[in-house]
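The next block holds one structure in the form of structure tokens; read it before the comments.
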Amino acid sequence: MRGGLLSLLFFLFLFNKTFALSWESAFKTQSAAKNVHFIAKYTDRDGKIHQLEYWRVSDKKLKRSTDGKVEIYAFKTKEGDYQYLVLDKQKSALLKISRTNLYRLGAFYDWYSLAHILKRPISYRIEKLDKKPYSLGNYSCKWYLVSEPSQTYSVCWSEKLAIPLLIQDDKNKTVWEVQKVDTERIGDNVFSINKKDLIELDVDEELSPE
């Protein structure tokens with residue numbers, strides 16, 4: 001009986017080692033296209049549907065526009081960190097803020113979560129799903145099951161784009177869907193901000209201990 005139990009535990013150990021994936025091996029970003037532009041719809045935790053338009057140039061800069069109301073910009077600095085700008089069109093306000101102060105204000109965004117949509121959890125398990133790949137135009141994705149302590153969801157990850165084309169919850173309901181995507185060159189004008197009539201606030205200065 002004891003030998004059978006040990007054999008079972010050993011089998012489960014091998015199973016975990018064989019089928020459990022690391023975050024980096026499942027959601028690869030190294031071979032992503034330099035320019036990525038897409039339009040997607042997603043459902044938030046309150047069940048409301050939103051539209052996101054997104055532009056990314058390598059790991060240098062990105063822009064995200066949610067419902068045409070709020071825009072988030074991220075620009076890589078010479079020091080290798082990122083500077084963030086938040087444009088609230090409804091309030092005509094432009095906020096300049098660093099990642100550190102975003103965290104201090106409770107907005108847990110960083111380059112990875114903004115650029116690749118997914119937020120890496122502290123504790124997780126990832127398994128590759130035996131499910132037919134999904135395609136959108138010339139771009140396809142493979143399915144992975146992500147299990148966290150509080151939720152489980154399926155991600156169809158496009159290695160070429162380094163974003164998920166689809167995300168489904170534990171009831172197979174689609175909560176994220178890319179509707180249009182292209183990898184054409186993105187002009188610098190996309191990242192320019194017309195500051196006329198905007199209230200500008202440097203949050204880093206406001207939160208400075210000095």
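On a predicted model such as this, the values are computed, not experimentally measured, just so you know.
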Legend entry - Leu198 and Ile193, any side-chain heavy atoms less than 4.5 Å apart: yes
Inset, instruction - Starting from the C-alpha separation in whole Å, work towards a yes-or-no answer on side chain to side chain contact (heavy atoms under 4.5 Å, CB included) for Tyr139 and Tyr134. - result: CA-CA 9 Å; Tyr139 308 99; Tyr134 170 79; over 6 Å; no
Inset, instruction - Could you pull out the closest heavy-atom pair between Ala115 and Arg56, with the gap in Å? - result: O-NH1, 3.2 Å
Legend entry - Close side-chain approach of Gln51 to Gln179, heavy-atom, < 4.5 Å: yes
Legend entry - Closest heavy-atom pair and its distance - Ile49, Lys41: CG2-CB, 4.5 Å
Inset, instruction - Consider only side-chain heavy atoms of I, L, V, M, F, W and Y, link residues closer than 4.5 Å, and tell whether Val70 and Leu94 are in one cluster. - result: no
Legend entry - Point-to-point distance, once rounded to the nearest 0.5 Å, from CD1 of Ile167 to CH2 of Trp143: 9.0 Å
Legend entry - Side-chain heavy atoms of Leu95 within contact of Asp88, under 4.5 Å: no
Legend entry - Leu136 with Leu129, same ILVMFWY side-chain cluster at under 4.5 Å: yes
Inset, instruction - Determine whether more than 12 heavy atoms belonging to other residues, nucleotides or ligands lie under 6.0 Å from atom CG of Asp44. - result: yes
Inset, instruction - Give a yes or no on this: more than 12 heavy atoms of other residues, nucleotides or ligands lie within 6.0 Å of atom CD of Gln151. - result: yes
Inset, instruction - Check whether any side-chain heavy atom of Thr66 sits under 4.5 Å from a side-chain heavy atom of Tyr42, and report yes or no. - result: yes
Inset, instruction - Give a yes or no on this: more than 12 heavy atoms of other residues, nucleotides or ligands lie within 6.0 Å of atom NZ of Lys131. - result: yes
Legend entry - Check against side chain to side chain contact (heavy atoms under 4.5 Å, CB included), Ile117 and Trp157: CA-CA 11 Å; Ile117 309 306; Trp157 182 258; over 6 Å; no
Inset, instruction - Taking the side chain as every heavy atom from C-beta outward, state whether Pro164 and Leu118 have any pair of such atoms under 4.5 Å apart. - result: yes
Legend entry - Aromatic centroids of Tyr124 and Trp23 separated by under 6.0 Å: yes
Inset, instruction - Any chance you could measure His116, atom NE2, to Thr29, atom OG1, to the nearest 0.5 Å? - result: 4.5 Å
Inset, instruction - For residues Tyr73 and Tyr82, determine if any side-chain heavy atom of one lies less than 4.5 Å from a side-chain heavy atom of the other. - result: no
Legend entry - Rounded distance (nearest 0.5 Å) linking atom CG of Asp197 with atom OG of Ser92: 7.5 Å
Inset, instruction - Just do the side chain to side chain contact (heavy atoms under 4.5 Å, CB included) check on Tyr84 and Leu114 with the steps written out, would you? - result: CA-CA 11 Å; Tyr84 299 94; Leu114 288 173; 3.4 Å; yes
Inset, instruction - Take Asn138 and Thr183 through the test side chain to side chain contact (heavy atoms under 4.5 Å, CB included) and record every step on the way to the result. - result: CA-CA 10 Å; Asn138 296 322; Thr183 53; over 6 Å; no
Legend entry - Verify same cluster id: Leu165, Tyr54 (apolar side-chain graph, 4.5 Å): yes
Legend entry - Arg120 bridged to Asp110 by N-O distance under 4.0 Å: no
Inset, instruction - Please report the shortest heavy-atom distance between Ala26 and Ile126, naming the atom on each side. - result: CB-CG2, 3.8 Å
Legend entry - From Ser22 atom OG to Lys28 atom NZ, the distance as rounded to the nearest 0.5 Å: 9.0 Å
Legend entry - Phe191 vs Ile186 side-chain heavy atoms within contact, under 4.5 Å: yes
Legend entry - Heavy-atom check, side chain of Asp67 versus side chain of Gln90, under 4.5 Å: no
Inset, instruction - Rounded to the nearest 0.5 Å, what's the gap from CZ on Phe38 to CD on Glu177? Could you check? - result: 12.0 Å
Inset, instruction - If the plane angle is over 60° it's perpendicular, under 30° parallel, otherwise tilted; pick one for Tyr144 and Phe27. - result: perpendicular
Inset, instruction - Fit a plane to each ring of Trp55 and His37, take the angle between them on a 0 to 90° scale, and name the class: parallel (under 30°), tilted (30 to 60°) or perpendicular (over 60°). - result: parallel
Inset, instruction - Mind checking the SG-CD1 spacing from Cys141 to Ile163? Nearest 0.5 Å is all I need. - result: 9.5 Å
Legend entry - Arg125 (side chain) donor-acceptor with Ser147 (main chain) under 3.5 angstrom: no
Inset, instruction - Check whether more than 12 heavy atoms from other residues, nucleotides or ligands sit under 6.0 Å from atom NZ of Lys76, and answer yes or no. - result: yes
Legend entry - Lys171 backbone acceptor or donor facing Asp169 side chain under 3.5 Å: yes
Legend entry - salt_bridge(Glu200, Lys96) N-O dist < 4.0 Å: no
Inset, instruction - Group every Ile, Leu, Val, Met, Phe, Trp and Tyr by side-chain heavy-atom contacts under 4.5 Å, then state whether Val175 and Ile39 land in the same group. - result: no
Legend entry - Considering all heavy atoms, the nearest Lys91-Ile199 contact: O-CD1, 4.4 Å
Inset, instruction - Identify whether Leu85 and Leu62 are in the same connected component of the hydrophobic contact network (ILVMFWY, side-chain heavy atoms under 4.5 Å). - result: no
Inset, instruction - Considering non-hydrogen atoms only, spot the tightest contact between Thr174 and Trp176 and give its length. - result: CG2-O, 3.3 Å
